[in-house]
Amino acid sequence: GSHHGATGFNIAVKDGPSAGQPVPHVHVHVVPRTPGQLAHNDEVYSLIDSWVPSGAPNVPPPLEIPPDEQRKERTEESMADE
């Protein structure tokens, strides 16, 4: 359905400082979207990450992803054990 003219939604869950959580409780952002709203659709993620209820924009910690050759292969079983 549409709300405020939205034809879609982005949903982001932030739980913990390393997730870029700007306030000390888990929260969910539900962002109504319309076609052509942003020049590049993926800009919505940095906008969500920098949002705070007041004050300076939030700066989430950098996401460090090792190169593929440094990553260990994992099975469904090993991931379930984690």
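Index from 1, following the sequence.
One finds the CG atom of D68 at 10.5 Å from the CD atom of E73 (value rounded to the nearest 0.5 Å). Interatomic distance, H29 NE2 to N10 CG, rounded to the nearest 0.5 Å: 11.5 Å. Rounding to the nearest 0.5 angstrom, the gap separating the CD1 atom in I48 from the CD1 atom in I11 is 9.5 Å.
Counting only heavy atoms from C-beta outward, the side chains of L38 and R33 approach each other to under 4.5 Å.
Residue-environment remark: NE2 (H25) exceeds the threshold of 12 foreign heavy atoms within 6.0 Å. Within 6.0 Å of the CD atom in E69, the count of heavy atoms belonging to other residues, nucleotides or ligands exceeds 12.
Tracing side-chain contacts under 4.5 Å through hydrophobic residues (I, L, V, M, F, W, Y), one never reaches V31 starting from F9; they form parts of separate clusters. Both V30 and V26 are members of a single hydrophobic cluster when ILVMFWY side chains are connected at heavy-atom separations under 4.5 Å.
Side chain of T34 to main chain of Q37: no donor-acceptor pair is present (N/O by atom type, distance under 3.5 Å, no hydrogens or angles).
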